[in-house]
Student: 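Can you read through this structure? Questions will come right after.
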Amino acid sequence: MTVAQDHQATFERSITLILLDNGDDAVYVFGKCLLCSDYASGDKSVAETGERLAGILNVPLWQLTLPVPDDEEWCWNDIIDVLVRGDYPEVLPS
């Protein structure tokens, strides 16, 4: 299995919590975005919600800490596209 295939499979069968180095975060449930927050706008972190949801559903929590994309106009889908392509090989599913 390639890194991309492994990331895609993990992403689609877990709760994924993505923490960016600027304080933004997002929770994905089985590959679909549930919540996200913008730290600079004063949003409350969604990390606890993701952690609690994984526990309630008894499914794996895949927690990632990633850099903010270089493109100032980035969106969460940009991060997911890079992630499932396997372009973050150092990010291993737990």
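Just so it is clear, the structure is predicted and the values come from calculations on it, not from any experiment.
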Student: Rounded to the nearest 0.5 Å, how far does CG of N58 lie from CD1 of I56?
Tutor: 11.0 Å
Student: Of all heavy-atom pairs between A54 and L61, which one has the smallest distance, and what is that distance?
Tutor: CB-CB, 3.9 Å
Student: With a 3.5 Å cut-off and sequence neighbours excluded, list the donor-acceptor pairs that the side chains of residues 28-37 form with protein atoms.
Tutor:
residue: S37; atom: OG; partner: D25; partner atom: OD1; Å: 2.3

Student: Between D21 and V68, is any pair of side-chain heavy atoms under 4.5 Å apart?
Tutor: yes
Student: Is there a side-chain contact between L20 and I79, using heavy atoms and a 4.5 Å cut-off?
Tutor: yes
Student: Which atom pairs, one a donor and one an acceptor, fall under 3.5 Å between side chains of residues 70-78 and the rest of the protein, sequence neighbours left out?
Tutor:
residue: D71; atom: OD1; partner: E73; partner atom: N; Å: 2.9
residue: D78; atom: OD2; partner: C75; partner atom: N; Å: 2.9

Student: How far does CG of L64 sit from CG of L17, to the nearest 0.5 angstrom?
Tutor: 7.5 Å
Student: Is there a continuous path of hydrophobic side-chain contacts, each under 4.5 Å between heavy atoms, that joins V27 to L57?
Tutor: yes
Student: For D38 and D24, indicate whether the former's side chain and the latter's backbone hold a donor-acceptor pair under 3.5 Å.
Tutor: no
Student: Taking all heavy atoms of S14 and all of P60, pick out the closest pair and write down the distance.
Tutor: CB-O, 3.3 Å
